[in-house]
2 protein chains.
Amino acid sequence: MARLIDIAREAGVSEATVSRVLNGRSGVNEVTRTTVLDAARRLGRVVEPVAVGHGPVVGVLVPDLDNQVFSAWVERLEAELFETGASTLVGVRARTVEREREILQRFLHAGAVAIIVVSGHHAQQQSPLDHYREVTSAGIPLVLVNGVQRGLDAAFLSTDDEHAVRLVLTHLHELGHRTVGLAVGDEHTWPVREKLRAFEAATAGGDGPQPVAFTDFSYAGGYEAARELLDRGATAIVCGSDVMAAGAYEGIRSRGLEVPRDVSVVGYDDVFWASLSHPPLTTVRQPVASIARAAVRTALGGGEDSRRPARTEVVVRPQLVVRGSTAAAPSAAASMER
Amino acid sequence: MARLIDIAREAGVSEATVSRVLNGRSGVNEVTRTTVLDAARRLGRVVEPVAVGHGPVVGVLVPDLDNQVFSAWVERLEAELFETGASTLVGVRARTVEREREILQRFLHAGAVAIIVVSGHHAQQQSPLDHYREVTSAGIPLVLVNGVQRGLDAAFLSTDDEHAVRLVLTHLHELGHRTVGLAVGDEHTWPVREKLRAFEAATAGGDGPQPVAFTDFSYAGGYEAARELLDRGATAIVCGSDVMAAGAYEGIRSRGLEVPRDVSVVGYDDVFWASLSHPPLTTVRQPVASIARAAVRTALGGGEDSRRPARTEVVVRPQLVVRGSTAAAPSAAASMER
DNA sequence: CAAGAATGCGCAAGAACTTTCAGAACACGA
DNA sequence: TCGTGTTCTGAAAGTTCTTGCGCATTCTTG
């Protein structure tokens with residue numbers, strides 16, 4: 001980095017004047033100040049907006065922003081961080097672990113004082129954890145949302161997916177559905193395993209084997225999964241995301257069936273357009289606001305007080321939002337008509 | 001701030017060791033390092049994640065993240081910034097100018113080297129500009145997207161809304177629509193005025209007065225506007241956003257009419273769910289990717305080379321995506337049937 | 001127009017921080 | 001047990017940055 005003496009020579013002033021300018025001290029003529037600033041920039045010296053200092057910055061990492069749940073996460077986290085006086089760095093598209101590592105490094109590099117990761121590779125079962133350790137060992141509090149990993153000095157906050165699926169299954173059973181299909185993404189992923197657990201408990205509960213389709217959380221994934229689950233006799237389909245549910249609608253229609261008359265569909269997330277779809281989607285609302293608040297508090301509060309970011313593990317229960325995509329099972333409806 | 005010598009005494013080591021620890025130099029025992037770090041924190045010395053330095057950070061300000069266009073903007077801008085090695089700060093909810101100013105200050109405070117504002121208060125006609133000048137006079141390049149203001153030393157990049165509306169009107173005229181309604185938000189806003197201009201040119205073109213409804217860019221706004229425009233004889237409704245179009249669908253249905261048989265609807269933005277709505281929405285696709293690329297290049301490139309962030313003004317043409325919500329006008333369809 | 005005040009800048013002292021170098025402490029193999 | 005090598009640390013010298021002070025220049029006022 002250019003030294004004061006270099007800048008001084010470049011600007012044709014003394015070292016002292018450069019020092020005063022760079023530290024925002026008074027007693028320097030505006031013209032001289034500009035000359036010095038220009039020289040400093042020419043020599044590649046980082047001229048930070050002085051007199052304003054250095055506010056806290058927190059990194060937020062999400063998988064993408066196309067899925068509206070994740071923009072909702074960013075929106076809530078930014079709101080909470082803003083309240084506490086911090087600024088929000090975002091990172092997107094951490095598709096590979098390598099990429100995720102690069103983004104985390106970028107956060108550290110940008111001076112983040114805490115990092116919050118939503119649905120990152122920590123949700124993956126066999127994921128390496130070294131890149132998270134690089135963060136924690138730098139003394140930066142790490143908060144991981146929707147996923148749990150042993151042996152990591154971080155805080156974990158998750159939606160209670162098992163409970164969510166229980167809520168959904170209870171709702172569908174009350175409507176007379178006996179064969180309920182589950183459409184989810186990668187099996188080795190924390191939220192999927194949680195959902196699966198509740199699902200298998202229900203299977204064991206006496207309704208016989210309940211079909212499960214593993215595709216991915218996209219529209220196309222929902223389409224495929226729905227068609228497969230229909231073939232396996234499902235009269236209701238529980239999707240791992242609202243986008244999947246939209247795809248499921250289309251898959252069901254492609255078989256000449258109608259939602260909810262012939263098949264019920266349940267989404268997950270409760271994104272903006274869920275209530276605008278036809279029929280309006282019954283879905284599970286993630287407790288984004290409360291988790292976001294807790295995440296920010298953990299990220300910023302824990303770091304100062306106890307120095308130890310308290311390896312906490314909190315699970316928050318979501319809420320079932322019943323709209324128009326679930327109805328009585330066809331057979332049940334028939335028996336009711338009788 | 002505590003000096004090295006103070007920390008050294010507190011930790012019971014030499015000044016040299018403290019210097020090494022604080023600069024992340026190697027050759028210090030892990031135990032000693034921790035002792036020093038603890039002592040430094042006790043004395044209130046900011047222990048930044050050193051050894052990583054200070055990468056460039058760019059601020060991105062959007063009005064909200066509920067509307068998916070804005071998450072798309074953030075997504076693209078983040079992608080472009082990441083490519084060039086910069087990190088992305090986001091600011092949301094700049095509802096008032098005061099708030100916008102606060103967010104911009106926050107960006108400066110966090111060390112942003114450039115700032116990009118999408119659809120901010122610069123789109124407002126009578127908006128004060130002082131808070132933008134605070135940015136530019138700090139030597140920080142400012143890029144303002146979708147809005148133009150005279151007398152500001154910033155770069156302006158916008159979607160060609162006038163052209164967009166021309167495209168839409170041509171499409172609708174070809175389908176036989178003679179009375180086309182425009183549903184937009186605040187009249188004093190740059191994108192609205194641009195759209196209005198093309199609309200009024202069409203009005204003057206011989207089809208007589210074309211109705212315009214000023215509500216807001218929300219779902220409710222679209223609902224209200226659609227009902228008003230139907231009352232005024234419109235057979236096609238051009239909306240200022242896809243969310244408005246979704247509201248318009250509902251408004252049209254509330255009158256017992258059907259899209260597109262009775263009324264055609266055109267949206268604006270081409271958000272993710274536009275193709276999933278029923279019927280799939282004909283809409284205008286904003287050139288988000290190309291503008292985002294140009295914005296980042298202007299923000300980061302212009303600052304170094306010429307020192308002057310080149311008060312540019314670029315307008316990019318959008319694209320009409322024809323789907324299922326536009327069809328021949330009722331009268332024209334009737335005459336075709338004959 | 002001159003005296004005094006205010007402002008702006010460089011010199012040089014010295015404060016703050018970094019780095020070199022050598023020695024202490026420890027580990028390990030002969 | 002004795003070398004030999006490695007790791008870690010502090011003393012001191014070196015580098016970089018800050019600041020008190022005084023001089024020069026410009027502005028202000030009677």
Task: Under-4.0 Å salt bridge between B:Arg150 and B:Glu313 - done: yes
Open item on the list: Regarding A:Arg93 and B:Glu75, does a basic nitrogen lie under 4.0 Å from an acidic carboxylate oxygen?
Closed with: yes
Send over the distance from [X] [atom1] to [N] [atom2], rounded to a whole Å.
X	N	atom1	atom2	value
B:Glu15	D:dC8	CD	P	21 Å
B:Asn23	D:dT15	CG	P	17 Å
B:Arg25	D:dT9	CZ	P	16 Å
B:Arg9	D:dT9	CZ	P	19 Å

- [ ] Return the orientation label for the A:His122 and A:Tyr132 ring planes: parallel under 30°, perpendicular over 60°, tilted otherwise.
- [x] perpendicular
Open item on the list: Categorize B:Val18 for me: base, sugar-phosphate, or nothing, with a 4.0 angstrom heavy-atom threshold over every strand shown.
Closed with: nothing
- [ ] Give the minimum heavy-atom separation between B:Ile140 and B:Ala112, together with the two atoms involved.
- [x] CD1-O, 3.4 Å
Open item on the list: For A:Leu300 versus A:Leu81, what's the shortest heavy-atom pair and its separation?
Closed with: CD1-CD2, 4.0 Å
Task: Along DNA chain D (nearest heavy atom to each residue), the more 5'-positioned of A:Thr17 and A:Arg3 - done: A:Arg3
Open item on the list: Please identify the 5'-most and 3'-most nucleotides of DNA chain C with any atom under 4.0 angstrom from a heavy atom of chain A.
Closed with: C:dG8 to C:dC11
Task: Pairs touching residues 109-138 of chain A that satisfy salt bridge (Lys or Arg N to Asp or Glu O under 4.0 Å), sequence neighbours left out - done: A:Arg101-A:Glu134, A:Asp130-A:Arg133
Task: For B:Ile116, the option from B:Thr298, B:Val296, B:Leu61 that meets side-chain contact (heavy atoms from CB on, under 4.5 Å) - done: B:Val296
- [ ] Check whether any side-chain nitrogen or oxygen of A:Arg20 sits under 4.0 Å from OP1 or OP2 of D:dT19, and answer yes or no.
- [x] no
Task: CA sep, side-chain torsions, deciding dist, call: A:Thr32, A:Thr35, side-chain hydrogen bond (donor to acceptor under 3.5 Å, both in side chains) - done: CA-CA 5 Å; A:Thr32 314; A:Thr35 313; 5.7 Å; no
TODO: Tell me which residues in residues 26-35 of chain A put a heavy atom below 4.0 Å from DNA chain D, sorted by number, or none.
DONE: none
